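Beneath this line is the structure, given in C-alpha cells, with notes to follow.
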Amino acid sequence: MPLALLALAVGAFGIGTTEFAMMGLLPDVADDLHISVPAAGHLVSAYALGVVIGAPLLAAATARMSRRKVLIALMGLFVAGNALSALAPDQNWLLAARFLSGLPHGAFFGVGAVVATGLVAPERKARSVSLMFLGLTVANIAGVPAATLVGQHLGWRATFLGVSVIGVAAIASLFLLIPRTPAQAPAGGLRGELAALRPLPVWLALGTTVAGFGALFSAYSYITPMLTDAAGYTEGSVTLLLALFGVGATVGNLLGGRLADHAMRRTLVGGLASLVVVLAAFPVLMRTEWSAAVGVVLLGIAAFVTGSPLQLMVMEKAAAAPSLASSANQAAFNLANAGGAWIGGLALAAGFGATAPAVAGAALAVLGLGVAAAAYSVDRRRAAAVAGAPGRLVATHLPAPVEHAHR
C-alpha cells in the first residue's frame, strides 16, 4: 500500500478526535462558558450540521481543483476551525467555530476516498479506503481518550489547540506524500456533477448508509446508560469500554476492506446482518459485565465492516462525480448519527428499558438490509436491460478491431 495513505489516515485521525472529543468535554465547556450542559450539547449538533452542509457544497465547489490541493485546503480550514474553537470567548463564537470545523469533514473523507482508490490497483480499492478510515477508528482508541484527558487537566481549550497541531501535521504529510496530479474539471461542469447523483441506485446506496449507520448510533448514543444501568459498570469504567468499541471498529474496518475487495455486496449484506444479530442480542449481552464488554467490541466490528463497501458502492453508482458522491455519503453518515440518536432516544423515553435503543437499532439495520436488497434488485434489472439492448448485442458480434475503434 502506498505511503500516501498514511497522510490521509493522519488527517482522518485529527477529524475523528475533534468530532468525538467534544462529547467528553461538554461538562468542562459548560462550566467555563457558564451555560447548561444541554446548551453545550448544541456544539455537537453544530459540528454535525457543518458536516452535512459542507460535504456536498465543498466537494462541488472544488471539483475543478487538483485533489491534492483540495485536501490541503480542507485540512487548513479544519485547523482554522479548531484554533478558533480554542480562542472562543463565548458560546456563540464556539458554535460558529464548531460549525466551521465540521465543514471540511465530509469533503475530506469524500475526496480522500477518491484519491486513495486512485493510488492502488482495482482489486485493492476497498482496502485503501479502509486504511484511510483507520485514522478515524484509531482516534476512538487513542485520540479521543487522550484529548479528553488533556481537556480535563489542562482545560478544554488545550484540547482544540492540540487537535490544531495534528491538523498541521496532516497538512505537512499531505504536501509531502500525496502525488501531484493535474486538475480534472468535470465534463459537464457543476450541473453534470449534480446530475450524476440523480439515478435511483445512488440514492439507494445513500439510503443504506443512513439506515445502516443509523442502527449503530441508535445504540451507541446511549451506550453509557446501557453499561451503567443494565450491565452494572461504574461511570469511571465507561471510557475504557468505549476504547474497546474503538478496537472493534478498527478490526471491523480492516476486515471489511479486505473482504469487500473480493465480494463488495456480500460483505455489505453480511455486515448488516451481523449488526442485526448483535443489536438484537444486546438485552441479553448487557446482563453481565463480561458479556457487555464483548457486546461493545462486536458492535464496533459489525458496524464498521460496512464502512468501506458503502463508500465504494456510492462512488461506483455515481462514477461521473466520485468526489461529490463520496462526500454525499459522509453527509449521509452524519444524518444517520443524528437520526439514529433521535430514534434511540424515543425508544428510551418510551420506558422500554436501558437496552431499548439497541433493539430500535436492530430494526433500523433490518431496514438497511431491505434497502440493500432493493438496490440489488434495481441493479439486476438494469443489467438485464443493458444485456438485452439491441445495440449491445450488435456490438458484441463486431470484429475485434472494429469493436475497439467503436469504443
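Note that this is a predicted model, so its numbers are computed, not measured.
The heavy-atom pair separating S164 from A83 by the smallest distance is OG-N, 3.2 Å. Looking at every heavy atom in both residues, G106 comes nearest to V51 through N-CG1, 4.0 Å. Residues A147 and A21 come closest through the heavy atom pair CB-CB, 3.8 Å. Between A356 and A347 the shortest heavy-atom distance is CB-O, 3.7 Å. Contact record, L279 with A362: CD1-N, 3.6 Å, taken as the closest heavy-atom pair. Residues A107 and A59 approach most closely at CB-N, 4.3 Å, considering heavy atoms.
Geometrically, R180 engages F175 in a cation-pi contact defined by less than 6.0 Å to the ring centre and at most 45° from the axis.
A side-chain donor from one of T18 and R98 sits under 3.5 Å from a side-chain acceptor of the other.
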Walk me through whether S377 and R381 qualify under side chain to side chain contact (heavy atoms under 4.5 Å, CB included). CA-CA 6 Å; S377 177; R381 287 201 303 269; 3.0 Å; yes
Can you check side chain to side chain contact (heavy atoms under 4.5 Å, CB included) on Q91 and H34, steps first, answer last? CA-CA 9 Å; Q91 180 188 9; H34 306 293; over 6 Å; no
So F109 and Q311, side chain to side chain contact (heavy atoms under 4.5 Å, CB included) or not? Walk me through it. CA-CA 10 Å; F109 280 109; Q311 192 74 25; 5.7 Å; no
Could you walk me through whether L227 and M286 pass the side chain to side chain contact (heavy atoms under 4.5 Å, CB included) test, one step at a time? CA-CA 7 Å; L227 292 170; M286 289 293 152; 4.0 Å; yes
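In this structure, the separation between CD1 on I166 and OG1 on T17 is 5.0 Å, given to the nearest 0.5 Å. Atoms CD1 and CG, from I223 and L216 in turn, are 9.5 Å apart once rounded to the nearest 0.5 Å. With rounding to the nearest 0.5 angstrom, the CG atom of L259 is 10.5 Å from the CZ atom of R266. The structure places CD1 of I171 at 10.0 Å from CG of L74, a figure rounded to the nearest 0.5 Å. If you take OG1 on T209 and CG on N329, they are separated by 3.5 Å, rounding to the nearest 0.5 Å. The OG atom of S308 sits 8.5 Å away from the CG atom of L131 when rounded to the nearest 0.5 Å.
Ring pair F160/W156 is perpendicular by interplanar angle, where above 60° counts as perpendicular and below 30° as parallel.
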Only distances under 3.5 Å count here; give the side-chain donor-acceptor pairs of residues 312-320 to other protein atoms, sequence neighbours excluded, each with its distance to 0.1 Å.
residue: K317; atom: NZ; partner: D379; partner atom: OD1; Å: 3.3
residue: K317; atom: NZ; partner: D379; partner atom: OD2; Å: 2.7

Using residues 247-255 as the side-chain source, report each donor-acceptor pair under 3.5 Å to any protein atom, sequence neighbours left out, with the distance given to one decimal.
residue: T250; atom: OG1; partner: T137; partner atom: OG1; Å: 3.1
residue: T250; atom: OG1; partner: G246; partner atom: O; Å: 2.9
residue: N253; atom: ND2; partner: S130; partner atom: O; Å: 2.6

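Between L94 and S85 there is a side-chain heavy-atom pair separated by less than 4.5 Å. Proximity of L71 to F108: side-chain heavy atoms (C-beta onward) are separated by under 4.5 Å at one or more points. Contact of the V111 side chain with the M65 side chain is not registered, since no non-hydrogen atoms from C-beta on lie closer than 4.5 Å. The side-chain heavy atoms of F282 and V359, taken from C-beta on, include no pair separated by under 4.5 Å. Taking the side chain as every heavy atom from C-beta outward, V115 and L119 approach each other to under 4.5 Å. For the pair N140/F304, no side-chain contact is recorded, criterion being any heavy-atom separation below 4.5 Å from C-beta on. Contact annotation: the side chain of S128 approaches that of L5 to within less than 4.5 Å [non-hydrogen atoms, C-beta and beyond]. Under the 4.5 Å side-chain criterion, counting only non-hydrogen atoms from C-beta, L241 is in contact with Y233.
With D90 contributing its side chain and L33 its backbone, the two residues share no donor-acceptor pair below 3.5 Å. Under a 3.5 Å cut-off, the side chain of S274 and the backbone N or O of G270 do form a donor-acceptor pair. With hydrogens and angles disregarded, no donor-acceptor distance shorter than 3.5 Å links the side chain of N334 to the backbone of V52.
Of the residues F333, F99, Y47, F78, the one that meets the ring pair (Phe, Tyr, Trp, His ring centres under 6.0 Å) test with H105 is Y47.
With a 6.0 Å radius and a threshold of 12 heavy atoms from other residues, nucleotides or ligands, R157 has its CZ atom above the threshold. Residue H262 qualifies as enclosed at atom NE2: its count of foreign heavy atoms under 6.0 Å is above 12.
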